[in-house]
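Each chain gets a letter, A, B and so on, in the order the sequences are listed, and its residues count up from 1. As a basis for the values below, the full set of heavy atoms in this structure was taken, side chains included, without hydrogen atoms, waters or symmetry mates. The shown structure was predicted, so the numbers you read here are calculated from the model rather than taken from an experiment.
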Number of protein chains: 2
Amino acid sequence: MKSQKKKLRSYTEKMPDFKAKCRAAGLRITPQRMAVYQELAKSKEHPSADMLYRKVRKILPNISLDTVNRTLLTLAEIGAACIVEGSGDVKRFDGQLNNHQHFRCIKCKRIIDFYHKPFDNIPVPKSINKKFVVLRKTVYFEGICNLCAEKYAS
Amino acid sequence: MKSQKKKLRSYTEKMPDFKAKCRAAGLRITPQRMAVYQELAKSKEHPSADMLYRKVRKILPNISLDTVNRTLLTLAEIGAACIVEGSGDVKRFDGQLNNHQHFRCIKCKRIIDFYHKPFDNIPVPKSINKKFVVLRKTVYFEGICNLCAEKYAS
DNA sequence: CTCTGTGCAAACACTTTGCAGCTAA
DNA sequence: TTAGCTGCAAAGTGTTTGCACAGAG
């Protein structure tokens with residue numbers, strides 16, 4: 001319980017920033033938004049709306065899945081979260097906004113974060129920069145994870 | 001009409017390879033598969049199942065959307081196509097198997113190909129290579145395309 | 001007090017599945 | 001001939017929308 005409380009502090013520290021972001025975007029600070037954001041920021045597993053819904057319900061038992069869904073989309077819009085690149089499955093969200101990369105297992109759909117310094121500053125080709133505004137750039141790997149490899153090795 | 005015929009030849013040249021791939025995977029060569037593959041290989045726009053369905057129907061008016069769907073998944077499995085990384089929208093497919101990168105507009109969902117030599121050989125970090133089998137590696141940009149930027153400039 | 005945000009339920013879009021008949025090999 | 005493929009229809013899954021009420025500012 002003690003360690004949980006410590007963890008809690010670490011992500012609750014993000015809350016003032018988040019509140020500021022909301023206000024800047026003209027959004028109201030509601031318990032639902034707080035709770036969704038808090039659980040997303042805490043999560044390490046790129047949860048789907050439904051996964052988060054289950055977690056948030058422990059804090060706000062009456063919240064609806066729709067609200068979680070809407071809130072997540074809102075968070076993505078104001079840049080407090082981002083939608084992870086998948087391949088047309090259910091939407092997955094990411095509250096970690098620091099630079100990192102994703103590996104996605106095509107079998108179990110697990111998304112694994114990794115960080116590799118050289119990828120921090122991927123140069124955007126001039127041809128792209130001339131025509132488009134690049135908001136997010138990432139290196140994305142797809143393949144088979146260790147667990148699935150074992151499963152299929154039989 | 002003449003130029004169309006020429007274009008047609010260029011992608012029909014891929015057909016023998018494709019047939020070989022099918023046979024290698026133990027798949028039958030059916031008109032539907034041929035047609036779906038042909039239209040996908042011809043397409044430059046990362047079509048969804050539905051987009052392809054409309055095109056293929058011009059060749060095989062009786063094909064069903066389900067078949068297009070199933071065929072596309074099959075193609076992805078045998079490595080004759082791939083599912084483009086999106087962000088939880090409808091599945092989008094890509095028949096261009098040569099190395100290239102994607103820029104995706106978060107507004108209009110358009111996916112734009114680009115090619116940048118330095119991205120040809122992205123090094124896979126050892127930490128990843130140790131645990132996972134990487135099948136596809138790509139640099140993925142997200143942002144606002146020129147058309148949408150104009151729209152929102154008003 | 002006002003107007004945004006929420007919860008509920010229905011609508012929706014896309015995908016998947018089961019099965020009978022068809023067809024490539 | 002016969003396994004695998006297709007078309008149809010139905011079910012499933014996840015997401016979006018409309019509306020009345022609740023609650024933040």
Nearest to the side chain of [X] - [options]?
X     : options                : answer
B:L65 : D:dT15, C:dT15, D:dT17 : C:dT15
A:R33 : C:dG5, C:dA25, C:dG7   : C:dG5
B:V90 : D:dT17, D:dC8, C:dT15  : C:dT15
A:R28 : D:dA24, C:dT6, C:dT15  : D:dA24

Closest-nucleotide mapping onto DNA chain C: is B:I29 or A:G26 further toward the 5' terminus? I mean the 5' end. A:G26

Cationic tip of A:R57 within the cone over A:Y53's six-membered ring, i.e. under 6.0 Å and within 45° of the normal? yes

Can you work out whether B:P31 or A:A49 has the more 5'-proximal nearest nucleotide on DNA chain D? B:P31

Quick check: on DNA chain D, is the nucleotide nearest B:D66 upstream (toward 5') of the one nearest A:D50, or the reverse? Name the residue that is more 5'. B:D66

Any salt bridge linking A:D66 with A:R70? Criterion: basic side-chain nitrogen under 4.0 Å from a carboxylate oxygen. no

Any carboxylate oxygen within less than 4.0 angstrom of a Lys/Arg side-chain nitrogen, looking at A:E39 and A:K55? no

Interatomic distance, A:Y53 OH vs D:dT15 P [rounded to whole Å]: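 Rounded to the whole Å, the gap is 14 Å.
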
Here the distance between atom C1' of C:dC12 and atom CG of A:N69, to the nearest Å, is 14 Å

For the helix from C:dC1-D:dG25 to C:dA25-D:dT1, what angle lies between the axis at the first five pairs and the axis at the last five pairs, to 10 degrees?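 Roughly 40°, once rounded to the nearest ten degrees.
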
It should be established whether A:T67 places a side-chain nitrogen or oxygen under 4.0 Å from OP1 or OP2 of nucleotide C:dG5. no

Can you see if the side chain of B:K91 gets near the phosphate of C:dT16 - specifically, an N or O under 4.0 Å from OP1 or OP2?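 Answer is yes, contact under 4.0 Å.
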
When the aromatic ring centroids of B:F114 and B:F141 are compared, is their separation below 6.0 Å? yes

Can you check whether A:H116 and A:H100 have ring centres sitting under 6.0 Å from each other?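 Ring centres of A:H100 and A:H116 not closer than 6.0 Å.
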
Please check if the number of heavy atoms outside A:K137 that lie under 6.0 Å from its NZ is greater than 12. yes

